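There's a structure below that I have some questions on.
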Amino acid sequence: MAPRTWKRLLLAPVVAFFALVGFAAAPAQAAIWSSSEQWGNYTTSDNYTLYNNIWGSGAGSQTIWVNSSSNWGVWANHPNTGGIKSYPNAKKVVGRSVDSLSSLRSSYNVTVPSSGAYNTSYDIWDTNYNYEVMLWVNYTGPVGPLGTSQGTLTLGGHTWNVYKGSNGSNQVFSFLRTSNSTSGTVDILPILKWIKDTKGWWGNVTVGDVQFGYEITSSSGGLDFVTNSFSVSSS
């Protein structure tokens with residue numbers, strides 16, 4: 001779980017690095033953008049923002065490439081040490097309160113490595129970055145959530161092991177899918193309403209970022225993470 005500070009760093013203007021780089025994760029077609037910069041970011045014509053986002057200590061090299069908001073990927077070579085090194089992701093801003101939403105859904109299809117230590121996850125924030133909701137759809141290696149177990153819940157089309165904790169800056173609610181999935185649809189709104197109405201862990205917060213990506217702890221030797229398709233819809 002990333003500290004709050006890096007989230008704010010991403011709001012600062014960053015000069016994009018547009019030179020195409022030769023890397024193992026080269027897409028079948030020429031990428032419209034790629035970057036090996038720590039905070040490299042790019043906004044698509046349909047208002048998704050892609051971040052390279054190498055925020056953890058002891059990180060190695062990483063390159064993100066983008067064909068579109070729904071088709072992008074990362075090649076990462078982070079050492080086999082503990083601690084999260086990066087969270088390359090695609091972000092869609094919602095900007096609506098939980099109670100004002102009638103629907104918030106997302107679909108994903110990914111190709112991920114069988115080795116390394118990482119999770120493929122949604123990272124959902126309120127606009128003040130006081131609360132973080134993580135939805136892990138798959139995970140590999142010695143990784144785990146913050147906080148204490150809150151039991152098992154079937155909601156939003158999936159069954160999750162739920163955890164509640166804090167990273168010192170904000171509350172973190174983690175939902176870990178009980179079996180790994182590389183494609184599917186998540187009905188996010190019922191999960192947010194469960195946090196608000198059933199558990200009372202937050203109020204009628206305004207949903208800000210809905211991020212989806214790869215929280216990478218280690219990928220020694222270089223591993224490919226590919227998002228074949230991804231979308232977020234709300235009403």
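Because the structure is a prediction, the values reported are computed rather than measured.
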Notebook entry, point to check: If you measure only the distance, is there a donor-acceptor pair under 3.5 Å linking the side chains of N228 and T111?
Noted result: yes
Determine, stepwise, if the pair V232 / S106 fulfils side-chain contact (heavy atoms from CB on, under 4.5 Å).
CA-CA 4 Å; V232 176; S106 180; 3.8 Å; yes
Any side-chain donor near an acceptor of the partner, D46 and T44, under 3.5 Å
yes
Worksheet item: Cut-off 3.5 Å, side chains only: do S36 and T63 have a donor facing an acceptor?
Response: yes
Q. Any side-chain donor paired with an acceptor under 3.5 Å for S68 and S70?
A. yes
Heavy-atom closest pair (H78 atom, S86 atom, distance to 0.1 Å) is NE2-OG, 3.4 Å
* Is it the case that N52 and E37 place a side-chain donor and acceptor less than 3.5 Å from each other? -> no
### Derivation and outcome, side-chain contact (heavy atoms from CB on, under 4.5 Å), residues S121 and Y87
CA-CA 9 Å; S121 58; Y87 179 61; 3.7 Å; yes
Verify the distance criterion only: is there a donor paired with an acceptor across the side chains of S235 and S102 at less than 3.5 Å?
yes
Item to complete: Please assess Y108 against F230 for the test ring-ring contact (aromatic ring centres under 6.0 Å, His included), listing each intermediate value before the final yes or no.
Response: CA-CA 4 Å; Y108 62 92; F230 166 68; 8.7 Å; no
Donor-acceptor pair, side chain of S219 and main chain of A76, under 3.5 angstrom:
yes
Rounded to the nearest 0.5 angstrom, the CH2-CG distance for W65 and N67 is 5.0 Å
Value for CG (N204) from OG1 (T206), rounded to nearest 0.5 Å, stands at 7.0 Å
For Y118 and I216 the tightest heavy-atom approach is CB-CA, 4.0 Å
4.5 Å side-chain heavy-atom contact, T140 and P113 | no
Value for OG (S218) from CG (N77), rounded to nearest 0.5 Å, stands at 10.5 Å
query: When you look at K193 and D99, which way does the side-chain contact (heavy atoms from CB on, under 4.5 Å) test go after all the steps?
result: CA-CA 8 Å; K193 286 184 174 291; D99 285 350; 3.9 Å; yes
query = With a 4.5 Å limit on heavy-atom distance, are the side chains of T217 and K85 in contact?
reply = yes
Distance col, row L50:CG vs Q211:CD, nearest 0.5 angstrom, shows 11.5 Å
Heavy atoms of E132 and N170 approach each other most closely as OE1-ND2, 3.5 Å
query: Transitively linked via ILVMFWY side-chain contacts under 4.5 Å: I54 with W39?
result: no
Report task. Would you kindly confirm whether I195 and V94 end up in one hydrophobic cluster when ILVMFWY residues are joined by side chain heavy atoms under 4.5 Å apart? Result -> yes
| request: Answer yes if the ring centres of W72 and Y51 are under 6.0 angstrom apart, and no otherwise. | output: no
Check the orientation of Y139 and W136. Use parallel for under 30°, tilted for 30 to 60°, and perpendicular for over 60°. perpendicular
*Is the side chain of N138 donor-acceptor paired with the backbone N or O of S181 at a distance under 3.5 Å, no angle test?*
yes
* Asked: Just checking, any donor-acceptor pair under 3.5 angstrom between side chains of T227 and Y214?
  -> yes
In F212, F175, F173, the residue satisfying ring pair (Phe, Tyr, Trp, His ring centres under 6.0 Å) with Y122 is F212
key: Any donor-acceptor pair under 3.5 Å from K91 side chain to V210 backbone   = no
Margin query: If you apply the rule side-chain contact (heavy atoms from CB on, under 4.5 Å), what do you find for E215 with M134, and how did you get there?
Written below: CA-CA 11 Å; E215 197 172 51; M134 296 205 75; 3.7 Å; yes
Original post:
Is the W194 ring parallel, tilted or perpendicular to the W201 ring (thresholds 30°, 60°)?
Top reply: perpendicular
message = Donor-acceptor pair, distance only, cut-off 3.5 Å: does the side chain of K199 make one with the backbone of D197?
response = no
In this structure, CG of L146 is separated from OH of Y163 (nearest 0.5 Å) by 11.5 Å
Between S100 and R96, the two heavy atoms sitting closest are O-NH2, 2.6 Å
The residue among T127, D126, L101, V93 that forms side-chain contact (heavy atoms from CB on, under 4.5 Å) with V207 is L101
- Heavy-atom side-chain contact between R105 and L189 under 4.5 Å: no
Output for pair (N119 CG, L135 CG), nearest 0.5 Å, gives 10.5 Å
Taking every heavy atom of R177 against every heavy atom of V137, the minimum-distance pair comes out as CD-O, 3.7 Å
Shortest non-hydrogen pair, P79 vs A59, comes out as CD-C, 4.2 Å
* To do: For S35 and Y42, test the side chains for any donor-to-acceptor distance below 3.5 angstrom and give the result as yes or no.
  => no
For T185, is there any backbone N or O sitting under 3.5 Å from a side-chain donor or acceptor partner on H158? yes
